[in-house]
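Nothing here was measured: the structure is a model prediction, and the numbers come from that model.
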There are 2 protein chains.
Amino acid sequence: MTSVKGMSSRALQAEHTRQQILQTAQRLFVERGYDATSLQLIADEMGLTKAAVYYHFRVKSELLHATMKPGIERINAVADEAAALRGRRARIEHVVSGVADFLVENRHYAVMAATDPAAKRHDMDKETSDLRERILTLFYGDNPTATQRLAYAAVAGIPDSLPELVELSDDELREALRETMLRILRV
Amino acid sequence: MTSVKGMSSRALQAEHTRQQILQTAQRLFVERGYDATSLQLIADEMGLTKAAVYYHFRVKSELLHATMKPGIERINAVADEAAALRGRRARIEHVVSGVADFLVENRHYAVMAATDPAAKRHDMDKETSDLRERILTLFYGDNPTATQRLAYAAVAGIPDSLPELVELSDDELREALRETMLRILRV
DNA sequence: GTCTATATATAGATAGAC
DNA sequence: GTCTATCTATATATAGAC
């Protein structure tokens, strides 16, 4: 999506601005939530105008979409790898590792992606819930028990609580995440 | 808070309207999120005017506060009871039962209370996070390990996933909740 | 106690100059 | 590619009639 090679210097500048807007938007979405983040605010924080933001993103929801896309793609790739493995245990371990790494690298962002009401509206809904459903099936097959589903739900809810664990180092967090997720998912 | 005895019939009518507004607001907050729910929408759904809503609630955030208050009080009461018990195991079991009952009775509402960005702004933040912190201490003392905190976080994140478990009956959900929370919290 | 009418601010979005 | 200017809709909130 973000091809850089063979672009004019003007196009490169545009891509740079686009990325900066995305970064600012992402930070504000995390801090205040999507609905409470206006385009005006995003523009002000960057010393741009609303119109400049609109040049790069046609509608506000495109910012949300673009913000979440890399994460979804990355976890989908992890799921691809897990699907190629044999055995529940191996699959669970692979996904748990991949997700733990991802969460550690995106400690703040992941919260918003998992909980913001705006993400439940818009089409984003489908991509994330498809991904969740896909991994659930990968783990427990087509007919998971209530207990399995709830265990999965508990793990899926962990990102929600990452802000409360700020005082853990990356390594501590990753280890605790792996350990806890594995323990919960072995049902 | 909602004393009824000894009120004039006019005051009773007002209290009734107030409760109806609260119910409608609560439903819409759950469906669309707080920020995406306008007072206009609330009024329209009830066949009232915005001004009528403003008569009962001075500012919009008061609706959010009033909506969440009963739940917070109820879980605080459960925590009170647990604090009177001796032993980690007994305390965990008591809180888990109380919370499971509460979640089953408020399947949809609890999600919003746990995740809406608007709840993280406003003063509501403090009351809920105090409650969470209080129960964590009740369970694991003043210096919980990383694993204990993450286990607690996982459990706290469960409400987030209740909507995906609609097809479970109340009894199935309560049992699965109790079982899963207990298993996770025994660390 | 509830409404009409309105104030005021700000949202998302677009057209067109530069 | 970025800005000025502006449109339109809708937000929260208030004053005052009934």
Legend entry - side-chain N/O A/Thr17 vs D/dT2 OP1/OP2, d < 4.0 Å: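 For D/dT2, OP1/OP2 do have a side-chain N/O of A/Thr17 under 4.0 Å.
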Legend entry - Reported OG1-to-OH distance for the pair A/Thr49 and A/Tyr55, which is rounded to 0.5 angstrom: 13.0 Å
Legend entry - Atom pair CZ (A/Arg88) and CZ (A/Phe139), whose distance is rounded to the nearest 0.5 Å: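 It is 10.0 Å, given to the nearest 0.5 Å.
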Between atom [atom1] in [X] and atom [atom2] in [N], what is the gap in whole Å?
X       : N      : atom1 : atom2 : result
B/Tyr55 : D/dA17 : OH    : C1'   : 16 Å
A/Lys50 : D/dA9  : NZ    : C1'   : 12 Å
A/Tyr54 : C/dG12 : OH    : C1'   : 4 Å

Legend entry - 5′-ward residue of the pair B/Ala51/A/Ala51 relative to DNA chain C: B/Ala51
Legend entry - Toward the 5' end of DNA chain C, by each residue's nearest nucleotide, B/Gln13 or A/Arg58: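 With A/Arg58 and B/Gln13 compared, the 5'-side residue is B/Gln13.
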Inset, instruction - May I ask you to test the B/Val111-B/Val30 pair for a side-chain heavy-atom distance under 4.5 Å? - result: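 Of all side-chain heavy-atom pairs linking B/Val30 with B/Val111, none is under 4.5 Å.
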Inset, instruction - Just compare C/dT2, D/dT12, C/dA11 and give me whichever is closest to any side-chain atom of A/Gln40. - result: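 Given the options C/dT2, D/dT12, C/dA11, the side chain of A/Gln40 is closest to C/dA11.
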Inset, instruction - Classify the nucleic acid contact of B/Thr37 as base, sugar-phosphate or nothing, counting any heavy atom under 4.0 Å across all strands shown. - result: sugar-phosphate
Inset, instruction - Indicate, with a heavy-atom threshold strictly under 4.0 Å, whether A/Thr49 touches base, sugar-phosphate, or nothing. - result: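 Here A/Thr49 touches the bases of the nucleic acid.
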Inset, instruction - In plain terms, say whether A/Arg183 and A/Glu179 are close enough for a salt bridge, that is, a side-chain N and a carboxylate O under 4.0 Å apart. - result: no
